[in-house]
Peer 1: 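Quick one: structure below, then a few questions.
We count ligands from 1, going down the list as the structure has it; atoms in each ligand are counted the same way.
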Amino acid sequence: MPQKDPKSLRSYRWYGPDDLRSFGHRSRAASMGCTQADYAGKPVIAIVNTWADVNPCHSHLRERAEDVKKGVWQAGGFPVEIPAFTLGETFQKPTTMMYRNLLAMETEELLRSYPADGCVLLGGCDKTTPALLMGAISMNLPAIYVPAGPMLRGNWRGEILGSGSDVTKYWNERRAGNIDLQAWTEIENGIARSAGTCMTMGTASTMTSLTEVLGFTLPGATSIPAVDSDHRKMANRSGRRIVEMVWEDLKPRDILRDASFNNAIAALFALGGSTNAVIHLLAMAGRAGIKITLERFDEFSRNTPMLANIRPSGKYLMEDFYYAGGLPALLQTLAPHLDLSCLTVTGKTLGENISRAKIYNPDVIRSLDQPILTSGGLAILYGNLAPSGAVIKASAAEPRLLKHTGRAIVFNSFDEMNARMDDPALAVTPDSVLVLRNAGPKGAPGMPEWGNLPIPQKLLKAGVRDMVRISDARMSGTSYGACVLHVSPESFVGGPLALLQEGDLVELDVPARKLNTLVSADELARRRSAWRPKEGIYPRGYGKLFIQHIKQAHEGCDFDFLEGTAPIPEPEIH
Ligand code: FES
């Protein structure tokens with residue numbers, strides 16, 4: 001039921017007036033077969049679609065856009081599909097993180113520069129979710145997210161395979177000589193069986209789930225497998241709902257508040273989610289003018305049980321999670337840790353959205369009495385190696401390594417690491433601490449997912465499967481191991497990792513939240529005075545802009561000029 005005057009719609013400025021410019025807009029709409037009956041007095045809904053042939057996780061999104069359009073028409077809106085930069089984790093180099101802010105900027109400016117009254121955002125592969133939302137939050141038009149959905153379970157010789165997690169596991173077995181090429185090729189063909197995002201609780205499923213918790217999807221949307229017919233129905237309902245949202249004038253910054261982010265952080269730990277979510281939530285909050293810090297993540301981690309038994313920290317996959325009741329059922333269980341009064345795109349509260357959810361498999365979604373982990377899935381570390389913080393997913397590490405002292409083996413670049421790691425002469429033991437530097441936001445640049453450093457081959461053959469590893473990089477949400485990540489400030493800008501030398505003692509103490517080198521302060525000061533910054537690798541272009549404006553990991557890696565809520569004028573139409 002319209003609650004706004006159609007003449008107050010943003011799109012009316014393009015289509016409504018009796019003037020020269022509007023004549024142009026209407027005549028070109030006519031050239032595409034549209035009559036005034038299609039759009040006059042109706043909300044124009046931009047369907048921002050990150051479909052591309054080069055992004056397998058989104059390969060079904062052209063079809064889903066049609067389902068959304070059907071819903072928009074049904075509800076009396078006018079759908080316009082607008083393609084946006086796809087961020088495909090598998091093919092895009094050097095890393096999609098290089099382009100998250102570019103897609104965010106593109107989304108905001110697409111919405112600003114075209115006659116959109118509201119938008120439906122189609123994405124799902126890791127960085128697309130935070131990017132699309134960051135842009136939509138900044139533009140602050142009514143917005144609803146349609147997550148791509150996870151792919152079906154992987155299968156190999158009757159064994160269930162999970163994206164990413166099982167790649168690392170079986171690659172290690174191959175390097176150890178336990179798997180032949182025939183088996184490896186079969187795994188290659190069985191691990192990704194359909195359209196959709198990685199079906200472990202990697203970064204994609206973590207970020208789409210947190211998007212639902214923040215209130216930006218229809219209830220239960222994120223758990224539906226990409227190729228399930230329920231996914232099409234969800235897309236259709238999202239198209240219908242966005243038209244209502246425009247009439248209700250329900251905008252992202254009406255939905256988001258401090259408590260919404262607390263809910264998302266609690267859900268991150270209950271899901272055993274990806275460390276990447278820390279960076280993305282910091283950035284998303286910054287777009288809403290809400291300040292959250294690393295300390296808040298640590299505080300919630302200490303108090304939130306892990307309830308989702310999903311790989312890489314648990315046993316099952318997203319398809320099982322869906323059949324077990326999905327995210328609404330998990331949130332229902334987690335309710336004592338949530339603020340259920342937060343508003344969502346349904347126009348109802350989070351509590352109202354999940355009130356009828358039920359758990360159908362209590363081994364997949366655990367009760368508060370029988371969690372996978374009582375607390376501490378992730379820890380924020382500080383110390384003389386990470387003055388502004390570092391992150392470790394403690395739940396994915398071998399427990400014996402959570403308190404560990406060892407001698408550093410330092411790699412200055414990914415290529416150097418690759419060249420030395422399997423050298424039989426490398427003086428490495430299971431107690432060594434592997435360090436990779438120049439892998440942060442400015443240093444790599446783009447902070448790629450290099451933080452899950454490989455185990456040296458000679459140790460793999462001796463049965464070692466986990467070691468302490470430290471870097472200023474990120475790690476794939478599907479990875480596991482005692483990997484200290486996001487060390488901030490990064491080495492490239494002179495963070496203390498830059499001062500570490502081969503053989504230095506490094507002490508990791510997760511229970512005490514410490515990351516230190518035992519090198520004396522005097523010696524570190526001496527090394528600092530001799531340290532010189534390296535040149536960036538981009539003399540021009542987007543890479544140059546990126547390095548000039550990217551912020552550090554503990555601040556969310558947004559561009560400094562994109563943060564905040566300062567109002568930007570609507571475009572003039574002349
Ligand atoms: Fe796209 Fe994992 S590669 S979600």
Peer 1: So, Asp320 and Lys315, do they make that salt bridge, N to O below 4.0 Å?
Peer 2: no

Peer 1: For Arg296, check salt bridge (charged side-chain N to carboxylate O under 4.0 Å, His left out) against everything at least two apart and list the hits.
Peer 2: Asp258

Peer 1: Is any protein N, O or S atom closer than 2.8 Å to atom 2 (Fe) of ligand 1, and if so, which?
Peer 2: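 Checking every protein N, O and S atom gives Cys198 SG.
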
Peer 1: Should we count CZ of Phe85 as having more than 12 external heavy atoms under 6.0 Å?
Peer 2: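 Atom CZ in Phe85 is crowded, with more than 12 foreign heavy atoms closer than 6.0 Å.
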
Peer 1: With a 4.5 Å limit on heavy-atom distance, are the side chains of Leu562 and Arg287 in contact?
Peer 2: yes

Peer 1: Walk me through it: do Tyr170 and Leu161 pass the test side-chain contact (heavy atoms from CB on, under 4.5 Å)?
Peer 2: CA-CA 10 Å; Tyr170 287 110; Leu161 298 177; 3.7 Å; yes

Peer 1: Would you check if the distance from the ring center of Phe546 to the ring center of Tyr538 is below 6.0 Å?
Peer 2: no

